[in-house]
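Here the structure is laid out as structure tokens; the discussion comes afterwards.
Every chain is numbered from 1, with letters handed out A, B, ... down the list of sequences.
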2 protein chains.
Amino acid sequence: MAAPLDPEMFDELCPSDLSPIRFGDKWAGMVVRCLEDGPRRFSELRVPLRGVTAKVLTRSLRRLEADGLVRRTVLAGRVEYALTPLGRSLLGPMEVACAWAREHWEELLDAREGVGTAAD
Amino acid sequence: MAAPLDPEMFDELCPSDLSPIRFGDKWAGMVVRCLEDGPRRFSELRVPLRGVTAKVLTRSLRRLEADGLVRRTVLAGRVEYALTPLGRSLLGPMEVACAWAREHWEELLDAREGVGTAAD
DNA sequence: CAGGATCCCCTCCGATACTG
DNA sequence: CAGTATCGGAGGGGATCCTG
């Protein structure tokens, strides 16, 4: 079991670099989830994203925009952010990931605290 | 549509910080996938992870170990890394994420190159 | 309200050199 | 073979101040 690893398995455009696994910055995932139910305003986003500064949130949003995941709209001096269809297509995979986390975060925390695997 | 956002939606242990979305460092995801088919040796991992230096790979592996996703075994001077059951449980969500990326990377690249949304 | 401009720190990552 | 030590650059993220 275990043939040699393909030396080229991560060459070129292996999705590892594009996939939602490690996509974007610290806030990107949370922003996407905030937009799940419809367009939101900048200041509205800052509420659940406790502590994020304007600069950092702006940068995160600009990147999501540049990746075609979020659309920024100015309408009568009103700025709104919304998911594009592409951004919306991410919600599924993200929910799968979050479900995994909800199911396993206790094990993760146990491991991080060094709670002993008795057979060690 | 779009009730006010819950100000506490990312407080405490909302999985956003633990979930595979943005979990680990640059190489973590690739390492996990490399271990999919069974235990691998350090030098074996370095092959597909082109360019990773020993220091960085070591750090990545140590973290995966600390999170209980990977187990390091020394047997007769032979070092091996393998997925724990917890690490193995990540393969599903990761495959979902990668499938998303495989399906949408062209759109991502298009967006990144500023290929115009005509209605702008 | 929705940012932009600065400053600063910290971590990530790579390169190089060295070791049991 | 499987690392560790050290250096250095780049970027992420927060704090603070300023603006149309």
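Closest contact between the side chain of B/Ala54 and the listed nucleotides C/dG14, C/dA2, D/dT4 involves D/dT4. Considering only the side chain of B/Arg72, D/dG3 comes nearest among C/dG14, D/dG14, D/dG3. Of the candidate nucleotides C/dC13, D/dT4, D/dG14, D/dG14 has the atom lying nearest to any side-chain atom of A/Val52. Residue B/Arg41 places its side chain closer to D/dC1 than to any other of D/dG14, D/dC1, C/dC13. For B/Thr58, the listed nucleotide lying nearest its side chain is D/dG3; candidates were C/dA2, D/dG12, D/dG3.
No donor-acceptor pair closer than 3.5 Å links the side chain of A/Thr84 to the backbone N or O of A/Arg71.
Counting heavy atoms from C-beta outward, A/Pro39 and A/Thr73 have side chains that stay 4.5 Å or more apart. Contact check for B/Glu80 versus B/Leu75: no side-chain heavy atoms found under the 4.5 Å cut-off.
Residue B/Leu64 is grouped with residue B/Trp27 when hydrophobic side chains (ILVMFWY) are merged at heavy-atom distances under 4.5 angstrom, including chains of intermediate members.
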Pair B/Arg46-B/Arg40, side chain to side chain contact (heavy atoms under 4.5 Å, CB included): steps then yes or no:
CA-CA 10 Å; B/Arg46 295 189 69 183; B/Arg40 300 287 182 180; over 6 Å; no

List the steps, then state whether side chain to side chain contact (heavy atoms under 4.5 Å, CB included) holds for A/Arg72 with A/Tyr81.
CA-CA 5 Å; A/Arg72 177 176 182 274; A/Tyr81 293 93; 3.3 Å; yes

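An OP1 or OP2 oxygen of C/dA2 is reached within less than 4.0 angstrom by no side-chain nitrogen or oxygen of A/Arg62.
Atom CG of A/Leu61 and atom C1' of D/dG13 are 15 Å apart (whole Å). Residue A/Arg40 contributes atom CZ, which lies 13 Å from atom P of C/dA2 at whole-angstrom precision. Between B/Arg59 atom CZ and D/dA5 atom P there is a gap of 14 Å when expressed in whole angstrom units. Per the geometry, CZ belonging to A/Phe42 stands 6 Å off C1' belonging to C/dA2, to the nearest Å. Whole-Å rounding puts the B/Arg46 CZ to C/dA15 P distance at 10 Å. Remark: C1' of C/dC9 and NZ of A/Lys26 are 14 Å apart, rounded to the nearest angstrom. The separation between B/Leu57 atom CG and D/dC1 atom P is 13 Å, rounded to whole Å.
Separating the CG atom in A/Leu86 from the CH2 atom in B/Trp100 is a distance of 5.0 Å, to the nearest 0.5 Å.
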Under 4.0 Å protein heavy-atom contacts per nucleotide of nucleotides 15-20 of chain D, with B for base, S for backbone only and - for none:
B-----

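Less than 4.0 Å separates DNA chain C from at least one heavy atom of each of the following residues of residues 73-82 of chain A: A/Val79, A/Tyr81.
A salt bridge does not link A/Glu65 to A/Arg63: none of the charged side-chain nitrogens sits closer than 4.0 Å to a carboxylate oxygen. A salt bridge does not link A/Asp25 to A/Arg59: none of the charged nitrogens lies less than 4.0 Å from a carboxylate oxygen.
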